[in-house]
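Here is the structure we will look at, set down as structure tokens.
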Amino acid sequence: MHTRTGAAIVLDTLESLGVETVFGYPGGAIMPLYDALYDHRIAHVLVRHEAAAVFAASGFARSTGRPGVCIATSGPGATNLITGIVDAMMDNVPLVALTGQVRSTVMGTDAFQEVDVAAITHQVTKRNIVVRSIEQIEPALRAAFRLAASDRPGPVLVDLPTDVLRAFEAEQRKPAATKSPECERPRATAQALDAAVEALQGAKRPLLIVGGGTRWSGATEIFRAFAAHIGAPVASTLHGLGCADPDDPAFLGMLGMHGWKRANHAVAKADVIFALGMRFDDRVTGDPTKFAPNAHTIVHADIDKAEFNKVVHAHVTLHGDLRETLAALDHRLARVTLPSFEEWRSAACAPQERLPRDDARHDHLSATDFLDALFAALPQDAIVATDVGQHQMWAAQRVRASHPQHFLTSGGLGSMGFGLPAAIGAQMAHPGRMVVAVVGDGGFQMSMAELATLRRHELPVKIILLDNRNLGMVRQWQELFYSGRYSATALPDNPEFTTIARAYGIEARLVDNANAIGPAIARMLESPGPMLMHCACYPHENVWPIIPSGKSVDDLMEALPA
Amino acid sequence: MRTVTANDGRILARIIHLAHRFGCSYTSVASEHIGAQYRMEFAFAGSGDALRRLDAQITKLLDDDRETME
């Protein structure tokens, strides 16, 4: 038997860590790794831009809970990963990025395609590791995977000089044990747990807000049991969608800037708030000094202690893994009697009229009409990935995700170009499931080269392109807050998207009126392969309601000012 | 003045960047390589809220730093 190269050690280690699929794009410094991939069992998805590799890895991770892996070469390959790495950092996505690096002997000499990616990503990764020798490869990768997935998940970058990848190990070694040691996790103190229970016992109008931390701790089921036990209404952040059962009558929907009015009003009226795995993002709180004005107690549970009192003061902090925190709370609640919150719940959860909307002219297609029909038709286990913009918020308002891994969206960073590659990553992870990318015409044009990736790998992703020939969200803000000065947001020269899709060998269909919605969705559901649905929409439909940035629920708007 | 020990000496640079991000400035910084670790001493000036947030982030960075390549 031969000793292995560094590149082979990388792949063997990845495999021993359970990695079956990686997303990447080759180039000079990373060529030894691609040479090893040539006949390795790990599947490689060739994207058409490194940005898509990191977003696809993110989609894989968001839809599975396991770290996604992306690969790029040195220099421009590595820098093209940056947005997706930041995106993963903001949304707590476990991600391992492998980058090629120039030879160790020329590092620091401005060699061809040399960039100090470790320095660049220092502020936006949980950690990055520059591997200096072949002996460091395996421990570096194991540490990267542990860090990416532990506590509050996030991205880790491992930089691999090309000479280290080409080197041979001194003697043949077996891969280390597959199982990585469990990291010690913080646990909420008994005193804090008791204080949280006391707050509930004294509450008249409690509200649970469920956030993305719930999904990453795998606490969806225990959260639902906890919520049912208390009987309080539940609101969700963007990343918490799917944690609460969308059919639960106590579920108020998404809160925040484009959240459901009843969810935001419940926040304003609640006297006790349980904030579970959320970080009081400004899109949730608006003006934080006016957030939850009637709450005398805010209980904040999170794995990241640095989130406590960062934006909103919490009276009780539960520092720990949310699954364990909720289990401990539930255990305590079983021994006490809580007051009935039925009257409050019924009032807060009163059926809401339809979401406010702009009426499209009769000869135009409404994007929200299309999405209403889409979400009514999708199978319960469908995975929906969105891009960023108006369509993202319309989807978040309407999606009926039965699990948080069914709704994938770039929340914290709001990265256009995310939707299609994220759907590709999710489809690779779930080959038998329906995966839908809901995208706008702006974001799609940042990523539509990935149509080639769909074709190459025969991925049956369905693309819903809501084309309003505008950068719609920016246009909406220009209409509302910039006196209608539409600077650089009109896209009247959009291409024939169906023609482009067909050029890649992908089925495409144009939908341009309300009568075409039903047949188009029916065709999409029965189509075995990838499909682009080009929805030519009314260009001036806005997202309602909206709480203007930095304002409160008192400033909520449901239509254009008269 | 806060004194910490880290495996990754680059954390000091990250802390200084964070401090500036939070509107703080450093009044004193020193670092020493001892064995396989770095001993760092630093002090920052800024608003109470910013310093509290900075302190929380430093603690978090040091928690992640404990994950070594062993």
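Any value given below was found using the heavy atoms of this structure, including those in side chains, with hydrogens, waters and symmetry copies removed. Quick note on labels: first sequence line is chain A, next is B, and so on, each numbered from 1. Just so it is clear, the model here is predicted, and its values are computed rather than measured.
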> Side chains of A:S74 and A:V115: does their closest heavy-atom pair fall under 4.5 Å?
Replying inline: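 In short, these two side chains do not touch, never coming nearer than 4.5 Å.
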Mind ranking [options] by heavy-atom pairs under 4.5 Å with chain A and telling me who comes out on top?
options                    : result
B:L61, B:D63, B:D65        : B:D65
B:R53, B:R52, B:R10, B:R66 : B:R10
B:R21, B:Q57, B:H17        : B:H17

> Any side-chain donor paired with an acceptor under 3.5 Å for A:T189 and A:Q191?
Replying inline: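 Distance-only check fails for A:T189 and A:Q191.
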> Which bit of B:D55 comes within less than 4.5 Å of chain A, counting heavy atoms only: side chain, backbone, both or neither?
Replying inline: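 For B:D55, there is no contact with chain A at all, as no heavy atom is under 4.5 Å.
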> Below 4.0 angstrom, N of the basic side chain to O of the carboxylate: do A:D304 and B:K60 qualify?
Replying inline: yes
> Between B:H33 and B:Y38, what is the ring plane arrangement, given parallel below 30°, perpendicular above 60°, and tilted in between?
Replying inline: parallel
> Is it the side chain or the backbone of A:N309 that comes within 4.5 Å of chain B heavy atoms, both, or neither?
Replying inline: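 Backbone plus side chain of A:N309, per the 4.5 Å heavy-atom cut-off to chain B.
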>> I need the single residue from A:D116, A:D159, A:T162 that forms a side-chain hydrogen bond (donor to acceptor under 3.5 Å, both in side chains) with A:Q101. Which is it?
In response: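 The single option meeting the side-chain hydrogen bond (donor to acceptor under 3.5 Å, both in side chains) with A:Q101 is A:D159.
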